[in-house]
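Let me begin by presenting the structure, written as structure tokens, before commenting on it.
Everything numeric in this text was worked out from a predicted model, so none of it was measured. Numbers here simply count residues along the sequence, with the first being 1.
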Amino acid sequence: MNNLPTVTKNLLIINVLCFFGMLVAKRYGIDVENLLGLHFFLASDFNLSQLISYMFMHANFQHIFFNMFAVWMFGRVLEQVWGPKRFLTYYLICGIGAGLIQELVQYLEYAFTLSNYDSVNLGIAGGIIPMEEYLNMMTTVGASGAVYGILLAFGMLFPNSQMFIFPLPFPIKAKYFVVGYAVLELFLGLGGGDGVAHFAHLGGMLFGLILIIYWRKKNGNQQFYS
């Protein structure tokens with residue numbers, strides 16, 4: 001940890017503390033995930049601060065482990081190249097952008113489907129609930145949007161870096177890894193139904209791409225920034 005760049009180290013610490021804090025609060029009947037998770041903007045529990053706070057909430061140990069592993073593995077490299085200020089700016093914008101895309105996708109679902117109904121049947125266990133209550137259940141948590149932005153940036157800055165991806169028995173270049181992940185997320189997003197915010201992941205990549213293109217033009221098309 002002592003060898004990690006400042007922002008990367010603090011992101012890891014804050015996310016882990018928030019995760020365990022969420023678990024402790026749940027024992028006392030406090031639903032921190034509901035308070036800080038990103039609600040659908042037409043839901044009564046939505047507020048703008050959730051576009052930032054949702055990035056520090058995670059659903060389970062597996063969720064936070066893989067996100068923080070990616071921040072540790074790729075984020076530290078980007079911070080060393082860009083510096084702490086630019087890396088933190090990039091991380092937050094990708095996360096916020098992912099949240100905005102998720103809100104857009106949820107709105108399209110609401111406009112074309114949910115708005116036609118007054119209630120939702122959750123099945124035998126959940127029963128029928130009012131639409132207002134269901135909208136508050138449309139909550140997004142996790143740093144995955146920011147993480148996918150980090151993956152995109154690594155692939156753009158170091159496109160020919162060789163990476164071993166389990167279970168592939170051979171190395172793959174970073175640029176192909178990133179493109180493959182993007183295609184996979186698009187495919188899974190269009191399939192839907194797995195409870196994962198795939199379009200939020202793509203949103204993190206999209207906002208990361210826009211920001212990198214902007215920085216490159218501002219910096220005379222140079223690939224690396226200080």
Side-chain angles (χ1 to χ4, degrees), residues 15 33 37-41 51 54-55 57-75 77-78 90-116 120 122-123 134-135 137-213:
N15 275 278
E33 184 177 327
L38 178 60
H39 288 271
F40 178 43
F41 71 92
L51 281 168
Y54 91 98
M55 289 185 268
M57 297 289 102
H58 287 85
N60 51 50
F61 178 77
Q62 182 181 7
H63 192 198
I64 190 173
F65 174 80
F66 284 106
N67 275 346
M68 294 305 101
F69 179 76
V71 171
W72 168 78
M73 188 171 187
F74 302 106
V77 178
L78 296 182
Y90 181 83
Y91 183 92
L92 292 176
I93 288 179
C94 287
I96 294 171
L100 292 174
I101 295 298
Q102 178 67 3
E103 291 288 320
L104 174 60
V105 171
Q106 289 178 335
Y107 176 73
L108 293 175
E109 179 187 1
Y110 174 79
F112 289 103
T113 304
L114 297 177
S115 61
N116 298 314
V120 176
L122 298 179
Y134 181 75
L135 292 182
M137 296 173 62
M138 295 168 62
T139 309
T140 306
V141 295
S144 299
V147 166
Y148 273 76
I150 287 176
L151 293 179
L152 174 86
F154 186 85
M156 291 185 69
L157 267 65
F158 308 100
N160 296 314
S161 295
Q162 299 285 346
M163 303 172 60
F164 275 98
I165 309 299
F166 181 83
L168 297 179
F170 51 84
I172 183 173
K173 291 184 177 181
K175 58 185 177 183
Y176 300 133
F177 168 73
V178 170
V179 172
Y181 244 114
V183 172
L184 177 63
E185 287 297 313
L186 180 60
F187 175 78
L188 294 174
L190 293 174
D194 61 357
V196 178
H198 296 291
F199 285 105
H201 301 168
L202 291 172
M205 285 184 152
L206 174 63
F207 274 73
L209 176 63
I210 293 171
L211 190 54
I212 289 175
I213 291 174

* Asked: Could you walk me through whether M55 and L92 pass the side-chain contact (heavy atoms from CB on, under 4.5 Å) check?
  -> CA-CA 9 Å; M55 289 185 268; L92 292 176; 4.0 Å; yes

Residues two or more places apart in sequence or in another chain: which of them pass side chain to side chain donor-acceptor pair (under 3.5 Å) with [X]?
X	answer
E33	none
H39	N34, T139
N60	none
K175	N160

Minimal non-hydrogen separation, [X] against [Y], with atom names:
X	Y	value
Q102	A197	OE1-CB, 3.5 Å
I101	F207	CG1-CE1, 4.0 Å
A98	G145	CB-CA, 3.5 Å
L78	A153	CD1-CB, 3.6 Å
G75	I150	N-CG2, 3.9 Å
G99	Y54	N-OH, 3.2 Å

* Please assess L188 against V196 for the test side-chain contact (heavy atoms from CB on, under 4.5 Å), listing each intermediate value before the final yes or no. => CA-CA 9 Å; L188 294 174; V196 178; over 6 Å; no

[X] side chain near [Y] side chain, heavy-atom distance below 4.5 Å:
X	Y	answer
C94	M205	no
L100	I96	yes
L114	E109	yes
L209	M156	yes
L104	F199	no
Q106	T140	yes
V147	V71	yes

* CD1-CG distance between I212 and L152, expressed to the nearest 0.5 angstrom ->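 Rounded to the nearest 0.5 Å, the CD1-CG separation comes to 5.0 Å.
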
* Asked: Given N15 and H58, is the side-chain contact (heavy atoms from CB on, under 4.5 Å) satisfied, shown in steps?
  -> CA-CA 8 Å; N15 275 278; H58 287 85; 3.2 Å; yes

Contacts of type side-chain contact (heavy atoms from CB on, under 4.5 Å), residue [X], not counting sequence neighbours:
X	answer
M73	F69
F154	F74, V77, F158, S161, M163, A174
S115	Y110
I210	L206

* Test log, rule side-chain contact (heavy atoms from CB on, under 4.5 Å), inputs L51 and L38 -> CA-CA 6 Å; L51 281 168; L38 178 60; 3.9 Å; yes

Counterpart residues, ring-ring contact (aromatic ring centres under 6.0 Å, His included), relative to [X] (two or more places apart):
X	result
Y176	none
F66	none
Y90	W82

* **Backbone N/O of F41 and side chain of E103: donor-acceptor pair under 3.5 Å** =>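 Yes, the answer is positive, given that a donor and an acceptor are paired below the 3.5 Å cut-off.
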
* Selection residues 185-196 - residue pairs positive for side chain to side chain donor-acceptor pair (under 3.5 Å), sequence neighbours left out ->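 As it turns out, the side chain to side chain donor-acceptor pair (under 3.5 Å) pairs with a partner in residues 185-196, which skip direct neighbours, are Y148-E185, E185-H198, E185-H201, D194-H198.
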
